[in-house]
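Since the structure comes first, as structure tokens, the remarks are kept for the end.
Numbered from 1 within each chain, the chains take letters A, B, ... in sequence-line order.
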Protein chains: 2
Amino acid sequence: MPKVETLTKFEWEIMKQIWKSGRTTVREVHEALAPTQSRAYTTIQTYMERLVDKKYLSKKKIGLVNFYSARVKETDTLRRETSHFVKRAFDGSFSKLAAFLFDTQDFDEKDLEAIKRLIEEKEREND
Amino acid sequence: MPKVETLTKFEWEIMKQIWKSGRTTVREVHEALAPTQSRAYTTIQTYMERLVDKKYLSKKKIGLVNFYSARVKETDTLRRETSHFVKRAFDGSFSKLAAFLFDTQDFDEKDLEAIKRLIEEKEREND
DNA sequence: GTTCATCTACTACATTTGTAGTATAGTTAA
DNA sequence: TTAACTATACTACAAATGTAGTAGATGAAC
């Protein structure tokens with residue numbers, strides 16, 4: 001279990017990259033993020049070391065290069081982050097979040113159909 | 001428009017308290033937060049001053065006391081925070097968020113009925 | 001053997017966030 | 001007049017976050 005409950009913005013980007021590639025290196029993450037969020041190589045390195053300290057990543061040296069992989073599952077992290085966000089912004093109420101989203105988002109027909117299907121699946125599960 | 005796009009955890013608590021009471025003082029916010037998130041009086045004061053600097057609050061001195069009120073609407077802030085959260089955790093996709101919530105939350109019959117009603121309202125709007 | 005590229009380990013600083021104290025002033029009660 | 005209380009304005013420090021440099025080691029190419 002990570003020491004710190006929530007990830008910062010740039011930590012998210014790094015973790016998403018590592019979840020995507022499985023096991024990776026500083027160089028690979030640096031290159032993957034370069035098009036959209038360019039930082040120095042050593043900045044990426046610092047972030048990844050700190051994520052090891054925070055127990056989000058583990059590190060293994062193979063030859064001269066460190067390889068990093070996630071110690072936490074993406075779905076578990078998403079669950080935790082979503083829970084924190086809803087607790088903070090909507091007093092923990094997922095109903096309030098849903099109502100807010102329906103109020104403020106331009107859901108089109110396709111979106112609504114997709115959500116209907118999710119409801120149907122959930123109702124089947126609940127039977 | 002605020003200088004900083006997102007609020008920290010404790011800033012949220014302060015803003016929520018101010019949205020609730022309209023115009024308020026440091027003492028009132030301090031007392032309101034005391035039961036659940038107790039901090040020193042001067043900590044609350046510092047936070048409120050910083051929120052003035054960040055243009056989330058405005059401050060007016062009446063007599064010897066400073067009164068604070070929100071410069072941003074709660075709904076606008078919720079919209080912005082939600083958008084940032086979804087962009088970060090779900091690549092900007094509200095559909096992915098919805099799917100994730102249905103996967104991971106124990107929605108019961110009542111929840112599902114409520115969401116159905118929201119969909120029906122939205123469909124009426126879209127016609 | 002030299003040069004260049006790559007990488008690690010370590011270091012450093014600025015800014016933001018979290019937390020809370022102190023000096024001073026004003027008001028009220030005794 | 002004094003004491004107690006409240007509030008402001010200012011100050012201060014620790015920790016976290018954001019950012020990125022440098023020294024040295026290793027390997028490949030020449």
Side-chain angles (χ1 to χ4, degrees), chain A residues 2-18 21 23-34 36-69 77 81 84-85 88-89, chain B residues 2-18 21 23-34 36-69 77 81 84-85 88-89:
Chain A
K3 291 175 178 173
V4 181
E5 285 184 323
T6 72
L7 293 163
T8 67
K9 179 172 168 159
F10 200 63
E11 284 171 337
W12 258 117
E13 298 311 315
I14 301 221
M15 288 304 302
K16 285 200 285 187
Q17 190 48 49
I18 294 171
S21 55
R23 195 178 69 168
T24 188
T25 63
V26 172
R27 174 61 60 194
E28 285 172 9
V29 174
H30 178 244
E31 284 173 0
L33 293 181
T36 54
Q37 314 186 59
S38 185
R39 298 288 194 283
Y41 177 91
T42 42
T43 301
I44 307 294
Q45 186 186 10
T46 296
Y47 268 92
M48 289 171 75
E49 284 304 320
R50 287 176 182 169
L51 284 164
V52 172
D53 290 341
K54 289 180 175 180
K55 298 188 191 302
Y56 275 90
L57 295 179
S58 58
K59 178 173 81 170
K60 182 173 184 182
K61 196 162 194 174
I62 298 179
L64 294 168
V65 179
N66 286 320
F67 283 81
Y68 299 78
S69 53
T77 303
E81 293 281 337
H84 280 114
F85 173 71
R88 166 156 121 227
Chain B
K3 291 174 177 175
V4 181
E5 288 185 319
T6 71
L7 292 163
T8 68
K9 180 173 168 159
F10 200 63
E11 285 172 336
W12 259 115
E13 298 311 314
I14 301 222
M15 288 305 301
K16 284 200 288 189
Q17 189 48 47
I18 295 171
S21 56
R23 195 178 71 172
T24 188
T25 64
V26 173
R27 173 62 60 193
E28 285 172 10
V29 174
H30 179 244
E31 284 172 1
L33 293 181
T36 54
Q37 311 185 60
S38 184
R39 297 287 194 285
Y41 177 92
T42 42
T43 299
I44 307 293
Q45 186 185 11
T46 294
Y47 268 91
M48 288 171 75
E49 284 304 321
R50 285 176 182 170
L51 285 164
V52 172
D53 291 341
K54 290 179 176 181
K55 300 190 190 300
Y56 275 89
L57 294 179
S58 58
K59 178 171 81 171
K60 184 173 183 181
K61 197 161 192 174
I62 300 179
L64 293 170
V65 178
N66 286 320
F67 284 82
Y68 298 79
S69 53
T77 304
E81 294 281 337
H84 280 116
F85 172 72
R88 168 155 120 227

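- Rounding to whole angstrom units, CG of residue A/N66 and P of D/dT26 are separated by 14 Å.
- Closest to the side chain of B/L64, out of D/dT8, C/dG26, C/dA20, is C/dG26.
- To the nearest angstrom, C1' of D/dT6 lies 13 Å from NE2 of B/H30.
- Screening A/R50, A/K54, A/K16 against A/E11 for a salt bridge (Lys or Arg N to Asp or Glu O under 4.0 Å) leaves a single residue, A/K54.
- Set against D/dA7, D/dT17, D/dG27, the side chain of A/R50 has D/dT17 as its closest nucleotide.
- Contact check, B/R27 against D/dT6: no side-chain N or O comes under 4.0 Å of OP1 or OP2.
- Contacts of B/F10 with the nucleic acid, taken as non-hydrogen atoms under 4.0 Å apart, are absent.
- When all heavy atoms of B/Y56 and B/T6 are compared, the closest pair comes out as OH-N, 4.2 Å.
- With D/dA20, D/dA7, C/dA20 as the candidates, the nucleotide lying closest to the side chain of A/T43 is D/dA20.
- A donor-acceptor contact under 3.5 angstrom links the side-chain atoms of B/T42 to the base of C/dG21.
- Here the P atom of nucleotide D/dT19 and the CD atom of A/E13 are 12 Å apart, to the nearest Å.
- For B/T46, counting side-chain heavy atoms from C-beta on, the closest listed nucleotide (C/dT8, C/dA20, D/dT8) is C/dA20.
- Atom-to-atom distance recorded for B/I18:CD1 and B/E28:CD is 10.0 Å, nearest 0.5 angstrom.
- Atoms CD1 and CD, on A/I14 and A/Q37 in that order, are 9.0 Å from each other to the nearest 0.5 Å.
- Atom C1' of nucleotide C/dT16 and atom NZ of A/K9 are separated by 15 Å, given to the nearest angstrom.
- Among the atoms of the strands shown, only primed sugar atoms or phosphate atoms (P, OP1, OP2) are found under 4.0 Å from some heavy atom of A/T8.
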Determine, stepwise, if the pair A/E49 / A/Y68 fulfils side-chain contact (heavy atoms from CB on, under 4.5 Å). CA-CA 9 Å; A/E49 284 304 320; A/Y68 299 78; 2.7 Å; yes
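- Considering only side-chain N and O atoms, B/K54 lies under 4.0 angstrom from the phosphate OP1 or OP2 of C/dT17.
- Counting any heavy atom pair closer than 4.0 Å across all strands shown, A/Y47 reaches a base atom.
- When distances are taken from the side chain of B/V26 to each of D/dT8, D/dT19, C/dT19, the shortest belongs to D/dT8.
- Nucleic acid contact class of B/E11 (heavy atoms, under 4.0 Å, all strands): none.
- Proximity of B/K59 to the phosphate of D/dT8: no side-chain N or O atom is located under 4.0 Å from OP1 or OP2.
- Annotation: side chain of B/F10 is in contact with side chain of B/R39 (closest heavy-atom distance under 4.5 Å).
- Closest contact between the side chain of A/A40 and the listed nucleotides D/dG21, D/dT17, C/dT8 involves D/dG21.
- Computed from coordinates, the B/W12 CH2 to C/dG18 P distance equals 14 Å when rounded to whole Å.
- Distance A/E31 CD to C/dT6 C1': 11 Å, rounded to the nearest Å.
- For D/dA9, the base has a donor-acceptor partner in the side chain of B/Q45 [N/O atoms by modelled type, under 3.5 angstrom].
- What separates OH of B/Y41 from P of D/dA9 is a distance of 10 Å, to the nearest Å.
- The CD1-C1' distance, from B/I14 to C/dT19, rounds to 12 Å in whole Å.
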